[in-house]
Number of protein chains: 2
Amino acid sequence: MYIEIDFNSDEAIYSQLCDQIIMGIAAARLNDGDPLPSVRQLANDIGINMHTVNKAYTVLRQQGYVKVDRRRGAVISVDPDKAIALEELGESLRVDIARAFCRNISREDVHKLVDRIFDDYASDHSKE
Amino acid sequence: MYIEIDFNSDEAIYSQLCDQIIMGIAAARLNDGDPLPSVRQLANDIGINMHTVNKAYTVLRQQGYVKVDRRRGAVISVDPDKAIALEELGESLRVDIARAFCRNISREDVHKLVDRIFDDYASDHSKE
DNA sequence: TTGCTGTTATATATAAGATATAACAAATAC
DNA sequence: GTATTTGTTATATCTTATATATAACAGCAA
């Protein structure tokens, strides 16, 4: 588990943790069935409190990225809820693209950026 | 000024205010040189505190969407900093697309969504 | 003068984020 | 059996962010 936390960021630690794990799944560094480190282990590795990791795991479970097995602990388990995900993506993009639009970033600029990010995730995927 | 605040949202009021004004600029409902309502006026219209509006205006000024004229108050003034905006957009997209990727949302799905949002902003623009 | 700008200062209340310590039931390893 | 590890829950504490309230200030305009 390579986790990078920016302690000077205005984004909450547990939120950064969620983002990194989700990006790890997209990049196929984490696959369905893979166990996550225990809350105590990961907290110790990163140098943060156990409850901060626990909050991240709880959020990931509520959002459908993780399930908890009493025996094995937290395990990656993505449930593909495309409809809701599309709606949430739209909400987020509406604001991001507004900011981009104000700065004369073109539709093609955004498409290229999307393609580049998709290629990154897809290429990581093909290595498995 | 049509501002919609969701008081049940987990997003801060001043942050929602910033987003709405930026989306207003993208949609050309607000144009360069247009004055924003005074902090007291807008606070009164929405039913929130003056300082909450003031914080939003301050953030918008720091991010380069607004300038302050002692005589006229806050005025829309977008400075097109494309390089920084592209970087910020990339950071945001990397997380959003990871979430989408996990939910089997395709590259084409994202492109369509981007186009739809761009069309919305551009069509609003052409009405002016 | 009167009234309007944004701005600043101070104070207060609530909520969120992070930490610390402790305990619990369930499962595993010995 | 014991010991250890799992997620989970409960308390408590501290800091920061958010939002409100009241008040005052300098600059500008009618």
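First the proteins, then the strands, lettered A, B, ... as listed; each starts at 1.
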**Student:** Looking at D:dT4, does its base get a donor-acceptor pair with the side chain of A:Arg40 below 3.5 Å?
**Tutor:** no

**Student:** Kindly list each side-chain donor-acceptor pair under 3.5 angstrom involving residues 32-42 of chain A, sequence neighbours excluded, with atom names and distances?
**Tutor:**
residue : atom : partner : partner atom : Å
A:Asp32 : OD1  : A:Val78 : N            : 3.4
A:Asp34 : OD2  : A:Asn31 : N            : 2.9
A:Ser38 : OG   : A:Gln41 : N            : 3.0
A:Gln41 : NE2  : A:Asp45 : OD1          : 3.2

**Student:** Not counting sequence neighbours, which residues clear side-chain hydrogen bond (donor to acceptor under 3.5 Å, both in side chains) with A:Asp109? List them please.
**Tutor:** A:Ser106, B:Lys82

**Student:** For C:dA18, does either OP1 or OP2 sit under 4.0 Å from a side-chain N or O belonging to A:Thr52?
**Tutor:** no

**Student:** For DNA chain C, which residues in residues 5-15 of chain A have a heavy atom at a distance below 4.0 Å?
**Tutor:** A:Ala12, A:Ile13, A:Tyr14

**Student:** Taking side-chain hydrogen bond (donor to acceptor under 3.5 Å, both in side chains) as the test, write out the residues that go with A:Arg99, two or more places apart.
**Tutor:** B:Asp19, B:Gln63

**Student:** From CG of A:Asn49 over to P of C:dA18, roughly how many Å is that when rounded to an integer?
**Tutor:** 10 Å

**Student:** By the rule that ILVMFWY residues connect when side-chain heavy atoms come within less than 4.5 angstrom, directly or transitively, which residues belong alongside B:Tyr14?
**Tutor:** B:Val59

**Student:** Who passes side-chain hydrogen bond (donor to acceptor under 3.5 Å, both in side chains) against A:Gln20, sequence neighbours left out?
**Tutor:** none

**Student:** Scan for salt bridge (charged side-chain N to carboxylate O under 4.0 Å, His left out) pairs involving residues 48-68 of chain B, sequence neighbours excluded, and state none if there are none.
**Tutor:** none

**Student:** Scan residues 53-67 of chain B against DNA chain C and write down, sorted by residue number, each residue with any heavy atom closer than 4.0 Å; if none is found, say none.
**Tutor:** B:Asn54, B:Arg61

**Student:** Not counting sequence neighbours, which residues clear side-chain hydrogen bond (donor to acceptor under 3.5 Å, both in side chains) with A:Asn54? List them please.
**Tutor:** none

**Student:** Would you say the side chain of B:His51 and the base of C:dT8 hold a donor-acceptor pair, judged only by whether the two atoms sit under 3.5 Å apart?
**Tutor:** yes

**Student:** Is the NZ or CZ atom of B:Arg107 positioned over A:Tyr121's six-membered ring, under 6.0 angstrom from the centre and within 45° of the axis?
**Tutor:** no

